[in-house]
Amino acid sequence: MLKINKLLIASILIFTQLSLAAQNNTNSPYTRFGYGELADRSFGAGRAMGGVGFGLRSPKQINPMNPASYSCMDSLTFLFDFGASGQLSWFDDGINKQHNINGNVEYIALQFPLHKRIAMSVGILPYSYVGYNFGAQRTNDEGFSYVETFNGSGGLNDLYLGLSIDIWKKRLSVGANVGYFFGNIKHEQYSIVGSSDVYNATRSQNLEVRDIKMDFGVQYTHPISKTESIIVGLVFSPKKRLNSTYINTTAKYTTQGASELVSADTTKNAGFDIPNSFGFGASYVKNNRLTLAADFLYETWDKAKFYSAENNFKNRVRVAAGGEFIPNYQSRNFLGRIRYRGGVHYSNSYLLINNEKEDPAYKGNGYNEYGVSVGLGLPLIDNRSLINLSFEYNKIKPGGINMIDEQYFRFTVNYTFNEMWFWKKKVD
């Protein structure tokens with residue numbers, strides 16, 4: 001009965017995440033461009049270790065970054081993973097400063113065995129976030145003043161089903177995720193004059209995506225002693241022309257309530273792409289004691305189109321490294337069983353912002369991101385399930401002058417439920 005109740009709770013949380021998927025998790029003005037801010041797809045331990053995952057292989061954690069990792073669990077275990085985060089952000093354009101607070105459910109996933117060499121995972125996690133709201137007082141060529149504001153919301157999500165198979169001596173495994181790729185991204189622009197007899201203008205752009213996304217992975221484990229091993233992982237996600245609907249609406253209205261629709265266009269499959277993605281990772285593991293890992297990610301964004309236009313993006317690189325240390329896994333002392341984690345990462349933005357008409361400072365520039373993270377894995381009474389805490393500091397360094405400097409502190413809490421479900425007690 002207890003297990004049924006826990007499964008019911010997990011199902012409720014899945015539907016909760018589905019309803020919250022479109023909520024904002026950022027206030028960055030850079031999310032006005034492209035698909036917004038690309039999400040960190042690491043769970044639990046990997047998040048606190050700089051966001052690594054391609055070479056991680058643990059029977060106690062779900063790792064959708066490499067679908068080949070699922071098969072490492074034993075044939076009696078059920079895993080449930082749930083994560084939420086809060087973020088405090090600071091923005092500085094050299095003249096004005098601002099800070100914001102955001103928070104949201106991030107991901108949810110299940111993992112279970114189908115055979116002693118086969119395991120399956122299902123979950124939902126974000127691909128990108130869009131969330132911003134800013135404005136400015138402007139004057140046109142005739143000296144006419146008006147207020148221009150911009151706001152955006154939404155993002156893209158990945159509802160995946162993954163399968164992993166051990167194909168050789170518990171050393172070589174392969175896996176794949178098949179994902180339902182979906183979401184809505186909305187941008188709105190207002191030009192407000194304020195006079196009762198003059199029309200204000202508004203423009204709304206909405207991108208709706210509904211498609212299938214694939215991820216493939218392989219991992220090889222090489223034992224170097226009875227308690228030590230090296231794991232190498234490779235991941236590939238193919239490029240995709242997204243099945244999309246793009247709605248562009250322009251209207252004008254007065255403060256007295258009069259309005260007029262100027263134009264409304266709906267375009268199907270207008271040329272929105274996601275890129276080829278190549279990931280390589282490696283880790284060194286000393287059983288129940290030490291894990292060291294590093295990742296490299298390369299994405300070919302320069303070949304991806306956005307509304308059928310090229311030269312909006314540039315290739316993206318992300319590197320990360322981190323580690324986990326457990327003083328004494330079998331200790332009766334709680335502090336000795338805590339998992340202590342830390343990591344660093346660097347990435348460049350995929351955005352190549354061609355916005356010279358509106359702001360010359362953005363012409364052809366993006367930004368670089370530097371981050372450091374620490375965290376704890378707190379074992380529960382059974383020493384199987386974990387509460388994972390991670391703390392990240394990230395610095396956004398823009399590539400052009402007068403661009404917005406951004407930094408944020410993010411706190412993530414993750415619950416990993418680990419229990420033996422697929423066994424029966426024998427009564428003599």
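A quick note: this is a predicted structure, and the numbers were derived from the prediction, not measured.
With respect to the salt-bridge test (charged N to carboxylate O, under 4.0 angstrom), the residues Asp295 and Arg318 do not qualify. A salt bridge links Arg57 to Asp166: at least one charged side-chain nitrogen sits closer than 4.0 Å to a carboxylate oxygen. Using a 4.0 Å cut-off between charged side-chain N and carboxylate O, Arg339 and Glu324 make a salt bridge. Using a cut-off of 4.0 Å between Lys/Arg side-chain N and Asp/Glu carboxylate O, Asp273 and Lys305 are scored as not salt-bridged. Using a cutoff of 4.0 Å between basic side-chain nitrogens and carboxylate oxygens, Lys213 and Asp211 are not scored as salt-bridged.
Using cut-offs of 30° and 60° for the angle between ring planes, the Tyr415 and Phe417 rings count as tilted.
The two residues Ala176 and Phe216 have their closest heavy-atom pair at CB-CD2, 3.9 Å. Taking both residues in full, the closest heavy atoms of Gly55 and Ser283 are given as O-OG, 2.7 Å, listed atom of the first, atom of the second, then distance.
Proximity of a side-chain donor or acceptor of Arg341 to a complementary backbone N or O of Ala48 within less than 3.5 Å is not detected. With hydrogens and angles disregarded, a donor-acceptor distance shorter than 3.5 Å links the side chain of Asn414 to the backbone of Phe82. Of the possible polar contacts, one joining the Ser385 side chain to the Asn418 backbone as a donor-acceptor pair under 3.5 Å is found. Between the side chain of Thr77 and the main chain of Glu419, no donor-acceptor pair closer than 3.5 Å is present. In this structure, the side chain of Thr31 engages the main chain of Gly131 through a donor-acceptor pair within 3.5 Å. Of the possible donor and acceptor atoms, none in the side chain of Ser331 sits under 3.5 Å from a partner among the backbone N and O of Gly336. Of the possible donor and acceptor atoms, none in the side chain of Asn27 sits under 3.5 Å from a partner among the backbone N and O of Trp90. Side chain of Ser237 to main chain of Asp215: no donor-acceptor pair is present (N/O by atom type, distance under 3.5 Å, no hydrogens or angles). Between the side chain of Asn348 and the backbone N or O of Val317 there is at least one donor-acceptor pair closer than 3.5 Å. In this structure, the side chain of Tyr30 engages the main chain of Ile404 through a donor-acceptor pair within 3.5 Å.
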Stepwise side-chain contact (heavy atoms from CB on, under 4.5 Å) test for Leu88 and Phe411: CA-CA 9 Å; Leu88 178 61; Phe411 168 72; over 6 Å; no
Stepwise side-chain contact (heavy atoms from CB on, under 4.5 Å) check, Tyr408 with Asn100: CA-CA 9 Å; Tyr408 59 87; Asn100 297 94; over 6 Å; no
Worked verdict on Glu106 versus Arg47 for salt bridge (charged side-chain N to carboxylate O under 4.0 Å, His left out): CA-CA 12 Å; Glu106 280 207 26; Arg47 179 67 61 90; 3.0 Å; yes
Worked verdict on Tyr350 versus Glu299 for side chain to side chain donor-acceptor pair (under 3.5 Å): CA-CA 8 Å; Tyr350 72 104; Glu299 297 174 323; over 6 Å; no
Pair Asn388-Val413, side-chain contact (heavy atoms from CB on, under 4.5 Å): steps then yes or no: CA-CA 6 Å; Asn388 296 296; Val413 58; over 6 Å; no
From CA spacing to verdict: side-chain contact (heavy atoms from CB on, under 4.5 Å), Leu297, Arg316: CA-CA 8 Å; Leu297 172 68; Arg316 178 174 180 253; 3.7 Å; yes
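In this structure, a donor-acceptor pair under 3.5 Å is absent between the side chains of Glu310 and Asn312.
Applying the side chain to side chain contact (heavy atoms under 4.5 Å, CB included) test between Tyr70 and each of Gln111, Gln219, Met120 identifies Gln111 as the sole match. The residue from Tyr127, Phe306, Tyr307 that alone fulfils the ring-ring contact (aromatic ring centres under 6.0 Å, His included) condition with Tyr35 is Phe306.
In this structure, Phe91 has its ring center at least 6.0 angstrom away from the ring center of Phe134. Remark: aromatic rings of Phe278 and Phe280 are distant, center separation not under 6.0 Å.
Figure legend: cation-pi geometry between Arg32 and Phe150, with NZ or CZ positioned under 6.0 Å from the six-membered ring centre and within 45° of its axis.
To the nearest 0.5 Å, the span separating OH on Tyr367 from NZ on Lys397 amounts to 15.5 Å. Asn177 contributes atom CG, which lies 7.0 Å from atom OG of Ser121 (distance to the nearest 0.5 angstrom). Between atom CZ of residue Phe325 and atom CG of residue Leu290 there is a gap of 7.5 Å, rounded to the nearest 0.5 Å.
For Lys170, the NZ atom sits in a packed shell: over 12 heavy atoms of surrounding residues, nucleotides or ligands are nearer than 6.0 Å.
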